[in-house]
Amino acid sequence: MDVAYKPDRVEQKARNYWDDNRCFEVDEDPEKDPFYCLTMFPYPSGHLHMGHVRVFTLSDVIARFQRMQGKHVLQPMGWDAFGMPAENAAIKRGVPPAQWTYQNIADMRGQFQRLGYGYDWRREVTTCKPEYYRWEQWLFTRLFEKGLVYRKNSVVNWDPVDQTVLANEQVIDGRGWRSDALVERREIPQWFMKITAYADELLEYLDKLPGWPDSVKSMQRNWIGRSEGIELTFDIEGGGEPLTVFTTRPDTLMGVTYMAVAAEHPLASNAAESDEKIAAFVADCKKMQAAEAAMETMEKKGMPLGISAIHPITGERVPIWVANFVLMGYGTGAVMAVPGHDQRDWEFATKHQLPITQVIEPLDGSQLDIAQGPYVDYGRVINSGFIDGMNFEQAFAAIEQRFAENNRGRKTVNYRLRDWGVSRQRYWGTPIPIIYCDDCDAQPVPEDQLPVVLPEDVEFTGVGSPLKDMPEFYEADCPKCGKPARRETDTFDTFVESSWYFSRYTSPDCDTAMLDEREAYWMPVDQYTGGVEHAILHLLYSRFFQKVMRDVGLSSADEPFTNLLTQGMVLKDGAKMSKNKGNTVDPGDLIEKYGADTVRLFMMFAAPPEQALEYSDDGVQGAFRFLKRFWNAVHNHVATGRVASLKIDKLDNAQRDLRRKTHQTIAKVGDDMGRRYTFNTAVAASMELLNAVTRLEDTSPQSSAVVREALEAVVLFLSPIVPHICHELWQVLGHETAVVDERWPKFDANAMQQDRIEIVVQVNGKLRGKISVAADANRDEVAASAIADENVQRFIAGKEIRKQIVVPGRLVNIVV
RNA sequence: GCCCGGGUGGCGGAACUGGUAGACGCUACGGACUUAAAAUCCGUUUCUCGAAAGGGAGUGCGGGUUCGAUUCCCGCCCCGGGCACCA
């Protein structure tokens with residue numbers, strides 16, 4: 001019999017079994033305990049890359065592990081199919097984005113199947129299909145009716161040569177990536193979803209997500225950025241609209257020495273009309289980039305507007321400046337500056353020779369020179385008249401009260417979080433279901449006219465959206481008055497599709513509603529796995545959508561994902577794999593050479609999930625070598641013939657040792673996979689056990705029985721990671737059943753018992769000896785044999801023992 | 001710039017709740033098998049002193065807490081992710 005490990009044949013056979021028996025197709029069975037295991041669905045780029053293999057393998061291992069725990073596991077797969085790469089491919093190759101996308105999906109689906117992932121493909125979801133996006137359009141019209149969407153002007157990157165709006169990543173050093181033209185800021189009307197209406201709930205529910213990593217929760221908390229402060233009003237000298245600002249530090253109010261407004265602020269626009277220099281500065285501000293990172297790192301610039309505000313307490317004149325670091329779309333578009341106690345204000349004031357006054361002193365009374373740098377901590381108020389001597393809380397309350405009495409200010413909560421701009425001036429996306437009528441303004445498309453179908457057979461040039469040139473698309477009748485009107489040609493941000501796909505998997509074929517009763521069976525997702533790079537945006541938008549879906553009665557779940565696993569990137573030579581760097585590795589080539597199991601094993605063994613994983617050819621070789629050894633170990637064992645039944649009380653020491661290792665390993669691997677998600681250490685433990693098996697060379701009946709027990713355990717607990725080879729080896733071991741339907745092995749605590757244990761002996765914290773003691777020895781006995789150890793004696797002889805620390809089962813530390 | 005991670009042998013990593021630093025794998029080296037190579041198997045592999053027994057140093061850098069610190073605290077350095085139109 002040919003027993004060489006041939007991955008191709010083994011993997012084909014296992015796949016056929018799963019397909020023929022529809023192993024991974026699951027229905028809603030109220031008798032069973034459901035477990036919804038989900039991976040962030042991929043963008044169908046056409047090429048499977050190592051990052052995909054890693055994240056899908058992780059999720060598949062968890063799914064198969066949970067199945068062995070007796071759970072009724074749903075693992076679906078789909079495609080985040082709208083987005084820029086399809087447009088870019090269309091420009092480059094002249095292929096319509098739809099055609100390119102569907103071809104990629106077909107290619108990638110085949111690659112996923114080759115990797116042996118246990119998906120219920122009946123539930124496949126493709127976001128660029130009208131059956132999918134019609135419900136997104138429907139939800140948007142519901143939100144419109146509830147007042148949760150609105151339109152306002154907002155800034156985009158405008159490429160004046162290509163006449164196109166650019167994504168941030170298409171702006172390189174302030175220039176368009178294709179035209180090389182200097183990119184301009186342009187304000188255009190866009191649709192927004194009121195995520196800020198849910199800001200407090202999104203923040204509070206983070207505390208109800210114990211299954212999420214603290215780092216992700218912390219990032220979301222900071223992103224939402226709730227801060228309590230006071231909104232207060234400054235009059236403008238000579239009349240005019242008063243200036244409202246928000247501050248979290250009302251205790252520093254008397255330290256205000258200037259004000260700053262955004263370039264788009266009416267005060268700046270007015271001043272620009274009569275002053276060329278200001279006009280030039282305002283025009284200059286329009287050239288800066290929209291990205292926050294660019295804003296924060298650029299040089300802070302400003303100019304005096306020549307007008308002043310009146311300090312609401314002192315009545316003194318405070319000059320108003322226009323500054324490039326104040327954003328119109330953020331807060332009120334104006335800030336009060338306290339250079340004595342704010343880093344950015346201090347730098348700006350120092351640069352422009354504006355006065356700096358100290359109004360807070362340290363609580364410990366220490367002196368400081370405000371000219372050398374600001375004092376930004378809380379302290380005691382000074383030089384501030386009626387609030388002198390107060391601490392932060394007292395001053396806050398006093399200022400709040402004073403302004404409330406005069407009706408000039410109030411306590412407010414401000415968020416860093418901004419409403420979600422969902423309009424994109426692109427073709428390849430979900431059409432926004434709005435019709436503009438000259439008389440009735442913007443109207444949502446009525447439900448019976450949905451979906452607004454995106455035409456797929458288009459010529460795409462990259463200059464503007466083809467929808468703008470298609471009267472058959474944009475010509476529509478006003479839903480309210482029936483007069484000719486114009487359809488919205490902008491499409492949704494692709495984050496909209498990915499904010500609810502997880503729910504649609506539960507009701508993928510429902511054509512009468514967005515979701516049906518099956519939603520309640522599966523949602524929320526029990527285990528969600530995906531890249532850390534999505535820690536904020538995708539996960540926050542999805543949480544927002546879940547709450548919206550709950551509030552329109554589609555779901556009863558408050559949060560979409562109960563447990564979250566964020567996986568690190570795949571690197572090569574210490575850098576992210578990318579075409580630019582030329583350091584990509586095609587998983588397809590590896591699968592062809594070694595098989596899917598080797599690639600899966602390498603991915604799980606090379607690093608723990610959250611960490612970046614360094615790719616290595618040698619590592620893949622090593623994984624393949626292990627599978628061959630595993631294969632041979634099972635076949636060699638089976639070749640020795642019939643196995644005696646295990647007689648626990650007839651075992652010799654070596655047999656008992658192997659049996660102990662087997663049961664310790666069952667316990668460890670179960671803990672690693674089920675609780676810690678450290679699949680790398682689970683694999684390492686499996687390797688150790690297999691090494692121990694091959695080291696037991698005697699072939700007596702009882703040895704053979706102990707080896708059989710060990711090998712069966714390894715086949716069972718490696719089956720989530722390398723399911724194909726384990727499917728085969730389970731049968732080689734003589735089982736009629738399929739390993740995919742087996743339960744997780746149980747460990748026997750008695751087998752793990754040890755008579756004698758090794759204890760480490762330290763003298764003054766340094767390792768000086770190891771002793772063997774009875775497992776049930778008491779502290780004094782352990783200490784006595786520690787002191788008796790020969791090498792320990794060399795270090796304590798003639799010295800007084802000041803202290804003995806005995807850690808049961810671990811170590812003794814003798815302090816002299 | 002701000003927020004969140006990470007830094008341990010030649011390399012990937014392990015050490016789970018403060019208790020033996022380097023499990024497991026890779027590489028390299030030595031050996032067995034072979035006419036030879038590949039494959040496979042056995043052994044060595046943190047640095048350093050020593051013939052050995054054994055000693056010293058060591059987890060990015062500088063301090064601190066502790067009988068004991070890779071692990072906790074303070075201050076730095078470097079690398080990665082995110083920063084709202086990449087997905």
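A, B, ... follow the sequence lines: proteins, then strands. Residue 1 opens every chain. Computed over heavy atoms, backbone and side chain alike; hydrogens, waters and symmetry mates excluded.
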Please determine whether any donor N or O and acceptor N or O are separated by less than 3.5 Å between the side chain of A:Gln190 and the base of B:C85.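 Flag set: donor-acceptor pair detected.
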Give [X] one of three labels, base, sugar-phosphate or nothing, depending on what nucleic acid heavy atoms sit under 4.0 Å from its own.
X: A:Val807; result: base
X: A:Pro42; result: nothing
X: A:Phe495; result: base
X: A:Gln762; result: base
X: A:Ala293; result: base

On a whole-Å scale, what distance lies between the [atom1] atoms belonging to [N] and [M]?
N: B:C67; M: B:U20; atom1: C1'; answer: 16 Å
N: B:C29; M: B:C77; atom1: C1'; answer: 36 Å
N: B:G9; M: B:G5; atom1: C1'; answer: 24 Å
N: B:A21; M: B:C74; atom1: C1'; answer: 25 Å
N: B:U27; M: B:U44; atom1: C1'; answer: 13 Å
N: B:U70; M: B:A57; atom1: P; answer: 13 Å
N: B:G6; M: B:G60; atom1: P; answer: 13 Å

With a 3.5 Å cut-off and no angle check, do the side chains of A:Ser227 and A:Asn414 form a donor-acceptor pair?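 A:Asn414 and A:Ser227 do not have a side-chain donor-acceptor pair below 3.5 Å.
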Would you mind reading off the distance between A:Asp214 atom CG and B:C4 atom P, rounded to a whole angstrom?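 One finds 12 Å between P of B:C4 and CG of A:Asp214, rounded.
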A:Arg768 CZ - B:C67 P separation (whole Å):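 Atom CZ in A:Arg768 sits about 19 Å away from atom P in B:C67.
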With under 30° as parallel and over 60° as perpendicular, where do the rings of A:His52 and A:Phe112 fit, or are they tilted in between?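 The arrangement is perpendicular - the two ring planes meet at more than 60°.
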Nearest of B:G19, B:G81, B:C4 to any side-chain atom of A:Glu533?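 Taking heavy atoms from C-beta onward, the closest nucleotide is B:G81.
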Do A:Phe492 and A:Phe82 have ring centroids that are under 6.0 Å from one another?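 No, the ring of A:Phe82 stays outside the 6.0 Å limit from the ring of A:Phe492, centre to centre.
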Considering every strand shown, what is the Watson-Crick or G-U wobble mate of B:C83 when both distances are under 3.5 Å?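 Pairing partner, where one exists within any strand: B:G1.
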Measure the OH-CH2 distance between A:Tyr132 and A:Trp79 for me, rounded to the nearest 0.5 Å.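 Rounded to the nearest 0.5 Å, the OH-CH2 separation comes out at 14.5 Å.
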